[in-house]
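Per chain, numbering begins at 1; letters A, B, ... match sequence-line order.
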Protein chains: 2
Amino acid sequence: MYSPSDFPPFAVTVDLVVLTVRSDALCALLVRRGEAPYRGRWALPGGFVQVDESVDAAAVRELAEETGVSGLHLEQLGTYGEPRRDPRMRVVSVAYLALAPDLPVPVAGTDAAAASWVPVSEVGALAFDHARILADGVERARAKLEYTPLGTAFCSAEFTVAELRRVYEIVWGVSLDPRNFHRKVTGVEGLLVPTGGSTSRDGGRPAALYRRGDAVVLYPPLVRASGA
Amino acid sequence: MYSPSDFPPFAVTVDLVVLTVRSDALCALLVRRGEAPYRGRWALPGGFVQVDESVDAAAVRELAEETGVSGLHLEQLGTYGEPRRDPRMRVVSVAYLALAPDLPVPVAGTDAAAASWVPVSEVGALAFDHARILADGVERARAKLEYTPLGTAFCSAEFTVAELRRVYEIVWGVSLDPRNFHRKVTGVEGLLVPTGGSTSRDGGRPAALYRRGDAVVLYPPLVRASGA
DNA sequence: ACAATAGTGTCTATCAGACATTATCCG
DNA sequence: CGGATAATGTCTGATAGACACTATTGT
């Protein structure tokens with residue numbers, strides 16, 4: 001049916017949409033390109049899939065190289081394969097979405113001149129079709145917060161209900177009733193595990209600290225509606 | 001940073017999970033492989049992405065070649081890129097999910113010895129990693145029925161509420177209360193458009209016929225719970 | 001008339017959202 | 001004590017599910 005000699009050759013890359021919540025904004029990890037094309041332009045981090053490496057493994061490797069961390073939630077976002085999305089050759093890119101807590105400022109990777117967290121509302125033109133990929137990633141993240149416990153992926157290991165609520169408010173761009181939100185998230189089986197500790201870093205009554213539970217789906221879901 | 005000469009070459013294919021509801025079962029379109037490897041084994045339809053064709057366009061083209069129809073709902077399912085998923089060379093496959101009404105028995109395509117609808121519950125071993133891809137597709141379809149109007153994609157152009165309900169019952173494997181289901185789907189804005197016609201093919205009071213509306217999300221969603 | 005299916009109405013337990021109240025810290 | 005935030009409680013309107021009932025056909 002086919003043989004190695006008669007298939008059209010493609011390059012396969014992975015691109016990463018790495019999101020975090022910091023400074024009251026949803027931010028994406030972007031790198032400034034050091035080479036042509038789009039030299040000097042912001043782009044998503046990413047790179048080539050190696051010959052003996054699965055595509056998923058390439059995403060994990062690139063994420064570690066760009067952020068210095070591992071163990072983050074990482075999922076496939078989609079594959080982008082327009083013929084001329086890279087002006088030099090035929091490149092098919094598999095995009096991944098990663099949700100991260102507020103990490104230290106990322107180090108510039110080996111491939112990039114600079115790396116930085118940029119609020120998604122302030123992102124301008126990006127290299128290649130990365131603006132589209134980023135938009136798809138942001139929309140996916142917003143949707144996933146409704147019915148998965150992924151909001152906790154934006155929080156550090158121990159967090160308060162108010163911090164989790166801030167994540168939802170920032171990602172969705174709405175305000176949520178603190179009391180209803182508290183009742184809701186503490187009522188979802190397996191979402192939050194009390195650590196017993198508490199903190200009063202915000203000056204009021206100390207808030208209980210929680211760790212992520214082992215729930216993988218949120219039932220009932222958190223509906224994305226006002227509440228202010 | 002990189003040049004056409006130093007990237008590892010990949011072949012890129014599309015694989016199609018084409019689902020339909022017929023004979024009271026959720027069925028997938030499978031082809032029997034005519035060549036090695038996995039000669040004689042059932043596999044998902046699919047083929048190579050051409051050099052000057054987007055990956056999405058390749059999926060549309062392959063779907064038309066395999067089913068003879070176009071205009072079906074088609075969406076990316078995921079990309080499968082383990083290094084040795086094809087024993088001959090490095091192949092990255094982008095899988096697509098298509099939902100079809102009960103089409104006539106498909107014609108054998110140019111690449112396949114035979115094509116057939118197979119109930120997903122009776123699918124045995126498949127070539128490559130296609131069993132995994134099929135399972136992912138079925139799960140995606142089940143989930144999508146909850147919050148999108150995609151159940152109608154399994155119905156013909158004009159259909160009754162009872163036919164739509166059968167789709168849900170078969171795909172989810174549950175029974176649903178006909179009265180509550182009717183109230184629910186007719187209450188969702190933009191889901192169903194009455195054609196004015198009616199049919200009595202099932203022997204009782206004639207049922208009103210509907211066309212698909214232009215809704216893209218189902219709000220409120222149809223929850224996947226019993227009701228019997 | 002009777003069987004069968006379509007479509008509408010009603011009841012009730014549950015729940016989301018609005019909002020009051022109490023609890024526990026800091027200064 | 002006052003200010004701030006956490007946590008819990010109460011009320012109400014909406015709704016999902018259970019199920020009774022009416023409507024319209026074929027035999």
Could you check how far [atom1] of [X] sits from [atom2] of [N], rounded to whole Å?
| X | N | atom1 | atom2 | value |
| --- | --- | --- | --- | --- |
| B:Glu146 | D:dA16 | CD | P | 13 Å |
| A:Asp177 | D:dC11 | CG | C1' | 14 Å |
| B:Phe181 | C:dA6 | CZ | C1' | 14 Å |
| A:Arg179 | C:dA16 | CZ | P | 16 Å |
| B:Arg166 | C:dT5 | CZ | C1' | 14 Å |
| A:Leu164 | D:dT5 | CG | P | 18 Å |
| A:Leu176 | C:dC19 | CG | P | 15 Å |

Look only at the side chain of [X] and the backbone of [Y], and say whether a donor-acceptor pair between them is shorter than 3.5 Å.
| X | Y | result |
| --- | --- | --- |
| B:Ser23 | B:Ala25 | no |
| B:Arg212 | B:Leu192 | no |
| A:Trp42 | A:Ala127 | no |

query = Can you check whether A:Phe181 and A:Tyr168 have ring centres sitting under 6.0 Å from each other?
reply =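 Aromatic pair counts; centres sit under 6.0 Å.
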
message = Can you identify which nucleotide, out of C:dG7, C:dC19, D:dT25, has its nearest atom closest to the A:Asn180 side chain?
response =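 That would be C:dC19.
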
ask   = Picking from C:dG9, C:dA6, D:dA7, which would you name as closest to the side chain of B:Arg205?
value =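 Of all the options, the side chain of B:Arg205 is nearest to C:dA6.
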
message = To check you understand the geometry: which heavy-atom pair defines the closest contact between A:Asp177 and A:Asn180, and what is its length?
response =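 That closest heavy-atom pairing would be OD1-N, 3.0 Å.
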
query = Should we say atom CZ of A:Arg61 is surrounded by more than 12 heavy atoms from elsewhere, each under 6.0 Å from it?
reply =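 It does: A:Arg61 CZ has more than 12 such atoms within range.
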
task = Using the closest heavy atom to pick a nucleotide of DNA chain C for each, name whichever of A:Pro206 or B:Val161 lands nearer the 5' end.
result =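 By nearest-heavy-atom nucleotide position, the 5'-most residue is B:Val161.
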
ask   = Which residues within residues 182-192 of chain B lie with some heavy atom under 4.0 Å of an atom in DNA chain D?
value =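 By residue number: B:Arg183, B:Lys184.
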
